[in-house]
Amino acid sequence: MQYQFNQIEKDWQKYWAENKTFKAKDNSAKPKYYVLDMFPYPSGAGLHVGHPLGYIASDVYARYKRLLGFNVLHPMGYDSFGLPAEQYAIQTGQHPAVTTKMNIEGGIDKQGNVIPGYRNQLDKIGFSFDWDREVRTSDPNYYKWTQWIFKQLFNSWYNKDADKAEKIDILIEQFKSKGNADVNAVCDDVATFSAADWNSWNEEQQQKMLLNYRIAFLSDTWVNWCPALGTVLANDEIKDGVSERGGHPVEQKLMRQWSMRITAYAERLINGLEGLDWTDSVKDIQRNWIGKSQGASVKFKVLSPTLSKGEGEATPKYLTGDAAIGHLLLDNAKEMRRNPTEAESVLWIHLKGKKLDVKFRRQHPIDSYIADFVCLDKKLILEVDGKIHDLQKEADEARTERLNELGYEVLRFKNEDVLADIDTVITKIATILAQRPSIKDEAKVLPFGKDLGWEVSVFTPRPDTIFGVSFMVLAPEHELVDVITTPEQKAEIEAYKKAASLKSERDRQSDIKNITGAFTGAYAIHPFTGDKVQIWIGDYVLATYGTGAVMAVPCGDQRDWDFATHFGIEIKNIFKDKDISAAAYTEKDAIITDSDFLNDLPAKEAIKKAIAEIEKRGFGKGKTQYRLRDAVFSRQRYWGEPFPVYYKGDVPYLVDDKDLPIVLPEVEKYLPTEDGKPPLGRAKNWAYKVLPSGKDLGWEGPIELNTMPGWAGSSWYFLRYMDANNDNEFVAKEKVNYWKNVDLYIGGAEHATGHLLYARFWTKFLYDLGYIPFEEPFQKMINQGMIQGNSAKAIKLLTHVYIADINNNINTPQIDACEIPEFFISSDLLEKLEDNDIDLSVKIKERLNNLGRAIKQQNPEKIGELDFAPNASYSIYIPINYVKNNILDYEDLKENNHQFNRAEFICNENGDFIVEREVEKMSKSKYNVQTPDELVEKYGADTLRCYEMFLGPLEQHKPWDTQGITGVHGFLKKLWRLFHSGENESFYVDETPILKSVVGGPPPSGELEGDEGALKSLHKTIKKVKEDIERFSFNTPVSAYMICVNELTAQKCNKRAILEPLLIILAPYAPHIAEELWAKLGNKESITYAVYPKYNEAYLVESNHKYPVSFNGKMRFVLELPTALTPTEVEKEVLANEQTTKYLEGKTPKKIIVVPQKIVNVVV
RNA sequence: GCCCAGAUGGCGGAAUUGGUAGACGCGCACGACUCAAACUCGUGUUCUAACGAGUGCGGGUUCGAUUCCCGCUCUGGGUACCA
């Protein structure tokens, strides 16, 4: 009987589904094991052979664990929200829910394309998934709980003292009783307030304060906004300042968005990595991403230009803030500029750009205050009240008094006035302005610069090198740049700033060689030495990182060294006995010198001492800095989870648990609205009804228009599998307590900084709140390598067509492009052609001429001549199914592919057309995609499973090549034949038991034969396969199976006692054939839960060992000796051997090394 | 630049703690079966005519190195004027 894999596989897949063979029990006496594949996005293109690679490995492991007696959880589902479905919806108008469903379940789409369906494709490969636990992130029953978790994040804050997230209620209690002075939280910058302050605030003020603490919070973030697309773009979606798709302009825009305070977990996310069984490379990627650096923040006072020049230079007139608290004011001003109230925004529109003929500044520091708007020239301040001003009437009065003292007039407006009648407000301002004198007319400058004591704050990981500071560099965008630049340097600085702003982020990053910068003319004071230190700006300093400023230590930092060298700035050497004439000394192992109290200390101790001293003298402190930013959690998209959030004014509130899920509404279009709101802005009745309760009177609040990002649903899906159908909780406590975290997680390393970091963050958060009993989601992870396509390309010659008229003038041809033949040349001929092989050129020319003549005959008025350029050719992709062994079946290609109907193929001497091969990513456009379906059809799922594993180590990238698949298929056929040794290949096994003498006991001495040989083959394989699977070496067991089957075939073994255990160990790799033969052996239960055979060392014991004998490490011959011999006896035997004499060439051996059961080495 | 991983026949790869380099499979060659082809089976296959050489290159440690150490080259991935 033949191995009819198609029928067998269909039957068993049906059996497994009907009997729910792989259903996992949620509690069991068996030990648990959780094997998970990374959540797939169900794309319309379906699976190619690269996708199931990881699934096959995890399935092998899951099946293996079941055989070992584990209760295995092995689920599958879909991360079904996402951009492609939305993009497709925009293009075709089909609801993403419809196309997503079809991508999973299969069908025929509106365009008539047949969609195979992920599930159908997966089913054909014979995976042992527990499909009753399937989840889809876009299913309201699933995202109900994503929304619920969001609510928990919103209702939590991070308590640094407890080092964990806590409920926000705890925080509110503290605010009520003690204010925020004692609260040690990870939060935005907030001013200190008292309990009295808190209690006096209204609901809105309190809520706004709480947003600064919540783990899910609203904040204004700079984003790449593309107005034409109505969406925010990621950095890599932008090329040369325009959107990659469509080439639309992109602008930086402040946008109010949801963020996640992942930074609170930075330290725990780094520390947690230690205990994880992941590859070092993924751990390193996460460590780099979090980017922890320890050091100190140090403040440098800025010397006034006046003092620096020593000649009474006028203070810049716009420097009006109180120098002592300047940096604070500036930071506040910056912050407030980003968060203008509506009234402020309206007023600003009418003031900015000298609309009233004078320059207004907004949120500008004056003395120790920040004025909402100020016209310095006319000394007029405009205040718009309504935020917190109501609370501090008294403070306002004091403020006005002080400002009046300074010669300012203060005009106050109310929010309502501005919003209700801006014209009246503007008229009033214009009137006052007209009355006030301009200070330009006055002789003296502003008097307020008590001293220019601005400070530049920097972070340094090397405070030990502080005595090596010889200059400072600010980012060109740094707030202080305008403030401190001296008039002489103004022009240069402005020019540099402009140049820097014109460079794209990419340009600034890639241009490392060009050292650029400009001197501000200002100096800072070295906090220890009191020396004057030049302040420069340079675009190698990034405004977005740290404080946007560095203290430059040219002797210890290469970029600083380059900068100093380039601009001829002094380089101090503070490292003992280190040469810094050619480059900076960047190692952390030098002894510090010329550094006052740090002298003679090694760097590490110097760091500690420097921090202590900096803190003691009060101009800085020890600090740990992270590169990690809070994660933006809003997307201006349709196809994602809606937020369970509605607004009362601009304050967000959560919807009630009982109203979850907030279901994604229907919209007529999936595009942003005309006024730039996200697609949900198109939804009708998109509001949350707050029902009358208590004193609340029932009203409607608009629901959030953004949706959640892709990582929301995938950050916790592994928990849902434990309890996929629970309507009351996201996961029942007893279930998560049983299953705990994922034991083996398989998927691509490309998720290292996305999914894998966010999922860890959410897991830690849920742990903090006590919902789950573990902190890390994925204990062991394997990153499978990409299966690359093996593209085929045909070389196309460049042909010319030209017409020469009577006067031999060459004209542009007036012929139809369709009539020009396309010449392709076998790739092995190309070289000849390039070498000007005359024969070949002549041959091709002749063919061209013939063709030209033929065409000319038909169209005498049209055609001129055809020619080709031997050195000009290019390659075009050929669908790989027309290629076998690099030979193109061009007749077949021409017949089936109209693209090639004008093609002429020039073959080599053997009449073959050879294509070029290239290993690259599998993609439709490269015609190199191999779907698993065709292979399953042709060879069967078991063959595909074994072959994908056989290709090589799971983690490695490898090219796909179907040629080898026949070998694996042959192995399964050979296995089948072992069981069909009866007449006419009918099923037959020998039921006689194994020789008693060898069961359990040591085998009889001498050459093993018959049963002993079969036992040895079997047990060697049991051992090898078990060890290999356990160390996740999935490719080597396949070889072991092959060797075993080859040996058993050679031995003509047909004993049940040998073949039955073999089936069990093979079942994880080739489950269908194993089940079939297992059933044929008379077993009634599925092989899934059979018992993995134990290997017996006794069968592997050899009586003889073939000793390789080497001379000076070079193997010369093999000598078979009994294993029982002692090393001395072995030595004797070797010396006595005549071959030894031959290789000794009469010399006496110096030494003989005998490693028992291994080798003999003779040293001559 | 920095961090990580890797480099072995014509190809995919094996060699788990230093002990016969090239298992297993593909491909290729030859042979058997067949009228023939396919399938299947068998034999051979690192290079070299041979002596010998040989695991990216150059050194080192060792009786012995694909394996350990030092220095490089190349490939892939990550990351980036990160202070």
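In what follows, every chain begins at residue 1, and chains take the letters A, B, ... in the order their sequences are listed.
- In this structure, the CH2 atom of A:W976 is 18 Å from the C1' atom of B:C39, given to the nearest Å.
- Closest approach of A:I607 to A:P463, counting heavy atoms only: CG2-CG, 3.8 Å.
- Relative to the side chain of A:R1031, the nucleotides B:G25, B:A14, B:A15 differ in distance, and B:A15 lies closest.
- Look at B:C35: it lacks any Watson-Crick or wobble partner with both distances under 3.5 angstrom.
- As the counterpart of B:C51, no nucleotide is assigned, since no Watson-Crick or G-U wobble pattern has both distances under 3.5 Å.
- Atom C1' of B:G64 sits at a distance of 48 Å from the matching atom of B:C82, rounded to the whole Å.
- Across all strands, A:Q956 comes closer than 4.0 Å only to sugar-phosphate atoms, never to a base (heavy-atom distances).
- Across all strands, A:R629 comes closer than 4.0 Å to no nucleic acid atom at all (heavy-atom distances).
- When each of B:C81, B:A14, B:G25 is scored by its nearest atom to the side-chain atoms of A:P953, the top-ranked nucleotide is B:A14.
- For A:K1026 and A:E1030, the salt-bridge test passes: some basic side-chain N is under 4.0 Å from an acidic carboxylate O.
- Counting any heavy atom pair closer than 4.0 Å across all strands shown, A:K1150 reaches no nucleic acid atom.
- Taking a pair to require two hydrogen-bonding distances under 3.5 Å in either a Watson-Crick or a G-U wobble arrangement, B:G22 remains unpaired.
- Here, B:C24 and B:A14 have their C1' atoms 7 Å apart, quoted to the whole Å.
- Within 4.0 Å (heavy atoms only), A:D560 reaches no atom of the nucleic acid at all.
- Between the C1' atoms of B:U20 and B:A65, the separation comes to 14 Å (whole Å).
- Checking A:H1105 against A:G970, the closest nucleotide of RNA chain B that is more toward the 5' end is the one next to A:H1105.
- The minimum heavy-atom distance between A:I580 and A:C555, with the atom names listed, is CD1-CB, 3.7 Å.
- The partner of B:U62 cannot be assigned: no Watson-Crick or G-U wobble pair with both contacts below 3.5 Å exists in any strand.
- Each of B:G19, B:C39, B:U16 was ranked by its minimum atom distance to the side chain of A:N1161; first place goes to B:G19.
- With a glycosidic angle no more than 90° from 0, B:G9 adopts the syn conformation.
- Taking only side-chain nitrogens and oxygens, A:R559 comes nearer than 4.0 Å to OP1 or OP2 of B:C82.
- Residue-level contact check: A:I1153 touches the bases, meaning some heavy atom is under 4.0 Å from a base atom.
- Comparing B:U16, B:C26, B:C63 against the side chain of A:V1163 picks out B:C63 as the nearest.
- Side-chain proximity of A:K973 to the nucleotides B:G12, B:U40, B:A14 is greatest for B:U40.
- With rounding to whole Å, A:E955 atom CD is found 12 Å from B:G13 atom P.
- Here the NZ atom belonging to A:K958 is positioned 9.5 Å from the CD atom belonging to A:Q788, to the nearest 0.5 angstrom.
- Nucleic acid contact class of A:S1039 (heavy atoms, under 4.0 Å, all strands): base.
- Rounded to whole Å, the separation between the P atoms of B:G13 and B:G19 comes to 22 Å.
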Sequence neighbours left out, cut at 3.5 Å: what donor-acceptor pairs do the side chains of residues 749-758 of chain A make with other protein atoms?
| unit_1 | atom_1 | unit_2 | atom_2 | d |
| --- | --- | --- | --- | --- |
| A:H755 | ND1 | A:S714 | O | 3.4 |
| A:H755 | NE2 | A:Y745 | OH | 2.7 |

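- For A:K1106 and B:U20, the shortest distance from a side-chain N or O to OP1 or OP2 is not below 4.0 Å.
- On the C1' atoms, B:A21 is 14 Å away from B:C47, given to the nearest whole Å.
- With A:L53 as the partner, the side chain to side chain contact (heavy atoms under 4.5 Å, CB included) test is satisfied by one option alone out of A:L951, A:L954, A:I746: A:L954.
- Comparing the P positions of B:A32 and B:G25 gives a spacing of 23 Å, expressed to the nearest Å.
- A distance of about 36 Å separates the P atoms of B:U79 and B:U66, rounded to the whole Å.
- Under 3.5 Å, the side chains of A:T516 and A:Y496 contain a donor-acceptor pair of N or O atoms.
- What separates CD of A:Q963 from P of B:C24 is a distance of 20 Å, to the nearest Å.
- The A:S281 side chain lies nearest to B:C4 when the options are B:G19, B:A23, B:C4.
- The residue among A:G964 and A:R462 whose nearest nucleotide of RNA chain B lies closer to the 5′ end is A:G964.
- A:D1028 has its CG atom 8 Å from the C1' atom of B:U16, to the nearest Å.
- What separates CD1 of A:I1152 from P of B:U62 is a distance of 21 Å, to the nearest Å.
- The nucleotide whose nearest atom lies closest to any side-chain atom of A:T1036 is, among B:A14, B:U40, B:G19, B:A14.
- Distances from the side chain of A:V1155 to the nucleotides B:G19, B:G78, B:G12 place B:G19 closest.
- Across all strands shown, B:A29 forms a Watson-Crick or G-U wobble pair, both distances under 3.5 Å, with B:U43.
- Within the shown strands, B:C4 is the pairing partner of B:G76 under the Watson-Crick or G-U definition, both distances less than 3.5 Å.
- Around atom CD of A:Q1157, more than 12 heavy atoms belonging to other residues, nucleotides or ligands sit under 6.0 Å away.
- Counting only heavy atoms from C-beta on, A:T966 has its side chain closest to B:G27 among B:C41, B:C82, B:G27.
- A donor-acceptor contact under 3.5 Å is formed by the side chain of A:K1024 with the base of B:U16.
- Distance CD1 (A:I782) to C1' (B:A5): 16 Å, rounded to an integer number of Å.
- Per the geometry, NZ belonging to A:K958 stands 8 Å off P belonging to B:G13, to the nearest Å.
- When rounded to the nearest whole Å, the span between NE2 of A:H957 and C1' of B:G78 equals 11 Å.
- The residue A:M1115 sits close to a base: some heavy atom pair falls under 4.0 Å.
- When both distances must be under 3.5 Å, the Watson-Crick or G-U wobble mate of B:U16 does not exist.
- The side chain of A:R287 places no N or O atom within less than 4.0 Å of a non-bridging phosphate oxygen (OP1 or OP2) of B:C4.
- Nearest heavy atom pair, residue A:I592 against residue A:A606, reads CG1-CB, 3.8 Å.
- Atom C1' of B:U8 sits at a distance of 4 Å from the matching atom of B:U55, rounded to the whole Å.
- Here B:C24 is the nucleotide among B:C81, B:U16, B:C24 with the atom lying nearest to any side-chain atom of A:N1046.
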